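Since the structure comes first, as structure tokens, the remarks are kept for the end.
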Amino acid sequence: MEYNFREIEKRWQKIWKKNNVYKVNNDSPKPKYYVLDMFPYPSGAGLHVGHPLGYIASDIYTRFKRLKGFNVLHPMGYDAFGLPAEQYAIEHGIHPAVSTEQNINNFRRQLDNIGFCFDWSREIRTSDPKYYKWTQWIFLQLFDSWYNKKSQRAERISLLVKLFEKQGNLNTEYPGMGSRDNAVGDFSAEDWNSFDEPRRQEILMDYRLAYCGYGEVNWCEALGTVLANDEVINGLSERGGYPVIKKKLRQWYLRITDYADRLLEGLKTVEYSDAMKEMQTNWIGKSYGAEIDFHMIIPDDESDKTILRVYTTRPDTIFGVDFMVIAPEHELVEKIVTPEQKSAVDEYIDYVKSRSERERIAEKKITGCFTGAYAENPFNGRAIPVWISEYVLAGYGTGAIMAVPCGDERDHKFAKHFNIPITNIIGDYYNGEEANPTKDALLLNSGFLNGMLMRDAIEVVIKKLVDLGIGKKKVNYKMRDAAFSRQRYWGEPFPIVWKDGIAFPLPEDQLPVILPPMEDLKPGPDAEGPLANLEDWKHYEGGTREVNTMPGYAGSSWYFLRYMDPHNDKSFCDRKASDYWGQVDLYIGGTEHAVGHLLYSRMWTKVLYDLGYIGHDEPYRKLVNQGMIQGSSRYVYRFDFHLQEHIPIVIDFPILVSTNLFEKFKNDEDKLAQIVVSSMVQFEGLDIKELFSSFGFSRLHVDVNIVNGVELDLNAFRNWRPEYSNAYFILADGSVSSPGSSQPKAAYICGVEVEKMSKRYYNVVNPDDIVFKFGADTFRMYEMFLGPVEQSKPWETKGIEGVHRFIKKLWRLFYDEVKGKCWNEEKPNEQELKILHRAIRKVEEDTERFSFNTGVSAFMVCVNELTEIKCHKREILEALLIILTPYAPHVCEELWHALGNTTTILDAAFPKLEQKYLQESSKVYPVSINGKLRTQIDISLDATQNDVEQIILQNEIVQKWLEGKSPKRLIFVKNKMINVVV
RNA sequence: GCCCGGAUGGCGGAAUUGGUAGACGCGCCAGACUCAAAAUCUGGUUCCCGCAAGGGAGUGCAGGUUCGAUUCCUGUUCCGGGCACCA
């Protein structure tokens, strides 16, 4: 009987579906385990072989955990709102709802092909009103909350109002109530009670975790919307690569900055990779320093108390301050600039305004302008010139710095460029050429700090500043509040109605605010979204609805909770359900969400925890980042001649050079129009790229699907590119394949390059094709076999044969080609058990530690060995199937039932298997001599600890030891002694 | 520029706490079956010398620690990723 994977896989997929084999319940005596994949955005391109990598890993782990007796939640859904669908709609006239539905269906079909064990009864789509009702609801909770810095958690706005009524915002008991940096001032209870409603609402808005405010936003003209910081890369939009400019707009924000500390603290409690933790840490960008007030020296007016406040992480260098720099946008500029410098400063500000974000980042020029003003160093009275420069950012710290050229590279370059004298406060640590940011120097020229170690001086200076009332400790963050509104259609509408400039939340019973149907998605007036065009919808109960929509990350910030209780229409997730499932135990996805989705969802989780809706404040206990599968592109190389007749010619490159065919063809003007060459082989040490540029070759992507390994299918190529149908191909051996000729003897070797897998490189491999050709089990195992899950690697279809052969080999342990069934009921012998035990133990370890590639190898070894000794014993084979089933579920299920089992293999008693086999297989005794030796020796199954000791004692070296030449340590590997330490 | 991570055969990659480097697969070579091919199976395959037995070298490069280093330390080169005027 042959291994008919197509029939087997389809059949079992159907049975699993029919019997709800993968449905998961919220109550079970088993321990719970939650495995989650980052749900996909259903793009129109469908899945390529790279996408399922993480899903396969999580699927294997899910099945493995289930075998081990866990109740495992493993759901899937779609991140269905977002920009691309809307862009697509504008370009092709297909409504986002329609294209999204189509794309989802296609995704689902592709996913089903691979045999995943998702519990589809829990599927969610963020664009489903039943789902986004709760996204809107959570938004309202954020809107109705503020961050209490005293209790370090979110509290209700109603509590804040009570506090304001009683004590205003000045109460030191509640430091978090103090005035916000950029808006409301301080007020007393009396003040508060005298404020009118709009004023009160304005103040409250400044405390809400989801708030509306004016701010500089990343505006992308081409996309017609605002983008969050993590959606902008080098001044260009992440999606589409369009220019992004800063623009002041009224926007919704999430006050994620208030959670900065807890987001940092939380990282200590979770298992993310170091790289991931670092990315988040850097993004949050916490720095410890001090704010220092410098008095401005205004020559004409001795009484002037104008203060320049700077932020620095190095207050210890205060005697090394040679100039001040403030941001060109800084409000003080106008006030302090001297009449003589006024025109120069204005000119400079105009120049800065003319520069786009992108230009500024691309070319870091040293620019700046002296304001004519001076500030006074509080410790030695020195007059310090105040400059403006674009290298100081208005949005960070106080928008002003004290520049210490000997200790900061940027300040140093600035000082050199503008010939500002440099004070050296670190002696030999400063060489006059380069700044030295050390903290280990002893301070010089530093007044009362002289002789002090810099790192110690920091605290001393701060204390002095506090005593003098001109400075204090200050912590700063790079992270900004997250822009939360988009001027777009295809997203969640805000449950907000504006009346007289006040935002009113809609009551819960009016949720969801359904996204109204719309045909023409053109932007509304005044940079508002398409919804602004819907007059009827917009006007609502005497006010106007918020017409922006929420960003793509809104729905994905809490979806892991909805899976726990997906059909609940009373609550976003019943507390019982979230208490049962708790944290996601294992979250798998790419690194691209490091500072977007992952941070936002962590924040939302913390808020929901603070408000008492869930019982944990970190969503993901462990995070694994799967690598990207890149495409392996194939090229042919082409050379163009300008001749009368245009007959393309394709040449194998090394032959071209080595036989001077090039010269020959070049002069053969009757025949040639184009030459296309191939191969990446080096010639005479010259890199192929140099050769090409010197000859004027160009290269052309070839569809990887018409290339076998690196050999081009010439006829397929001619069909694929009709303009080459008349091409002459010059092959690896120098022979020419002309248009009519049928069977070329030599191959045409393509060039190879690893690139992103993408349609435009013709290197996309569709999992459907692979599954059709080799089956889902082979596909799954091969993806794992490619290498560590975390690692990026190019896809090579070639190697899949090996894995396919393995499964066929496994099949032959059960079925003989001629005789059919060939398993028997004989008792396994020691050798057979040993082979099995090794495999079980290895695979178990490997699966547990996510090393699926070595796990697959262990199966291969096991099957090879069983084949070699012709072991067809049922007891062995059955055990093997159980541990293999997470990797290759279809074929295992088939064979499992063939052996006469009636339950599905996932419900088979793995713990029993464990008991029966693993304990025996763990008879590998650690050997310890003088308590030092850690190596293990692998002795036969029946051996006891005593036997092991006997073996050691019989060893010649040990004999010598007993004779008195006592070695310190004996080193064994397997049964062989390999080293003696005397 | 700063911060992480990596470098092992022709290729993808093994080697779990320092202990026989190269598991497993691809590719390649040889053989079996076949009129032949494909498929399948068997054997070989780090490099160098040697018919062989055998010998020598070997985990980017240069050192160090150790009885012993792919693994630990120092320096260095290259590659990948992240951040990028954050004071």
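If you're wondering where the values come from, they're calculated on a predicted model, not measured in any experiment. Each chain gets a letter, A, B and so on, in the order its sequence line appears, and its residues count up from 1.
What separates NZ of Lys842(A) from P of A23(B) is a distance of 13 Å, to the nearest Å. In this structure, CZ of Arg805(A) is placed 6 Å from P of G27(B), rounded to the nearest angstrom. Computed from coordinates, the Glu868(A) CD to C41(B) P distance equals 13 Å when rounded to whole Å. At whole-Å resolution of the value, CD in Glu409(A) and P in G1(B) are 11 Å apart. Look at CD1 on Ile284(A): it is 19 Å from P on G82(B), rounded to the nearest Å. One atom, CD of Glu592(A), and another, C1' of G81(B), lie 13 Å apart when rounded to the nearest Å. Counting to the nearest Å, the P atom of C28(B) and the CD atom of Glu801(A) are 12 Å from each other. One can place CD of Gln630(A) at 12 Å from P of G12(B), the figure rounded to the nearest angstrom.
Closest contact between the side chain of Arg849(A) and the listed nucleotides C4(B), C26(B), U16(B) involves U16(B). For Asn853(A), counting side-chain heavy atoms from C-beta on, the closest listed nucleotide (C4(B), C85(B), G13(B)) is G13(B). With distances taken from any side-chain atom of Thr312(A) to the nucleotides A87(B), C24(B), C4(B), the minimum falls on A87(B). Among U16(B), C85(B), C26(B), the nucleotide with an atom closest to any side-chain atom of Glu845(A) is U16(B). Among U40(B), C3(B), C24(B), the nucleotide with an atom closest to any side-chain atom of Lys808(A) is U40(B). Comparing A87(B), C24(B), C26(B) against the side chain of Leu393(A) picks out A87(B) as the nearest.
Counting all heavy atoms, side chain and backbone alike, Glu291(A) lies closest to Arg309(A) at OE1-CD, 3.4 Å.
In this structure, Pro794(A) reaches neither bases nor backbone, as no heavy-atom distance under 4.0 Å exists between it and the strands shown. At a threshold of 4.0 angstrom between heavy atoms, the contacts of Val310(A) with the nucleic acid are absent. Among the protein residues, Leu786(A) comes within range of the sugar-phosphate backbone only, with heavy atoms under 4.0 Å from sugar or phosphate atoms but none that close to a base. Nucleic acid contact class of Ser389(A) (heavy atoms, under 4.0 Å, all strands): none.
Nucleotides G18(B) and U65(B) place their C1' atoms 12 Å apart, quoted to the nearest Å. Comparing the P positions of A84(B) and C3(B) gives an interatomic distance of 16 Å, to the nearest angstrom. Between the P atoms of G10(B) and G60(B), the separation comes to 13 Å (whole Å). Between G44(B) and G22(B), the two P atoms lie 14 Å apart (nearest whole Å). Using C1' as the reference atom, C11(B) and C28(B) are 11 Å apart when rounded to the nearest Å. U34(B) and G56(B): their C1' atoms are spaced 44 Å apart (whole Å). G54(B) and U59(B) have their P atoms separated by 24 Å, given to the nearest Å. Here, U76(B) and A69(B) have their P atoms 24 Å apart, quoted to the whole Å.
Between Ala858(A) and Lys793(A), the one whose closest nucleotide on RNA chain B sits nearer the 5' end is Lys793(A). Nearest-nucleotide positions on RNA chain B place Ser851(A) closer to the 5' end than the other of Ser851(A) and Tyr396(A).
Summarising the base pairing, A84(B) is matched to no nucleotide, lacking a Watson-Crick or G-U wobble pair whose two defining distances lie under 3.5 Å. Checking U42(B) for Watson-Crick or G-U wobble geometry (two distances, each under 3.5 Å) identifies A30(B) as its partner. Applying the Watson-Crick and G-U wobble criteria (two distances, each under 3.5 Å), C47(B) pairs with G56(B). In this structure, G5(B) forms a base pair with C79(B), meeting either the Watson-Crick or the G-U wobble geometry with both donor-acceptor distances under 3.5 Å. Look at A23(B): it lacks any Watson-Crick or wobble partner with both distances under 3.5 angstrom.
Note on ring orientation: taking the six-membered ring where Trp is involved, the planes of His804(A) and Tyr3(A) are tilted (angle from 30° to 60°). Using cut-offs of 30° and 60° on the angle between ring planes, the pair Phe806(A) and Phe859(A) is tilted. Aromatic ring pairs are classed by plane angle as parallel below 30°, tilted from 30° to 60° and perpendicular above 60°; the pair Phe414(A) and Phe323(A) is parallel.
For NZ of Lys416(A), the number of neighbouring non-hydrogen atoms (other residues, nucleotides, ligands) closer than 6.0 Å is greater than 12.
Counting only heavy atoms from C-beta outward, the side chains of Ile388(A) and Ile349(A) approach each other to under 4.5 Å.
At the phosphate of G25(B), OP1 or OP2 sits under 4.0 Å from a side-chain N or O atom of Asn864(A). For Arg812(A), a side-chain nitrogen or oxygen approaches OP1 or OP2 of C41(B) to under 4.0 Å.
Phe774(A) has its ring centre no less than 6.0 Å from the ring centre of Phe779(A).
Side-chain atoms of Asp846(A) and Thr854(A) include a donor-acceptor pair closer than 3.5 Å.
Taking the O4'-C1'-N9-C4 or O4'-C1'-N1-C2 dihedral as appropriate, G9(B) has a value within 90° of 0 and is therefore syn.
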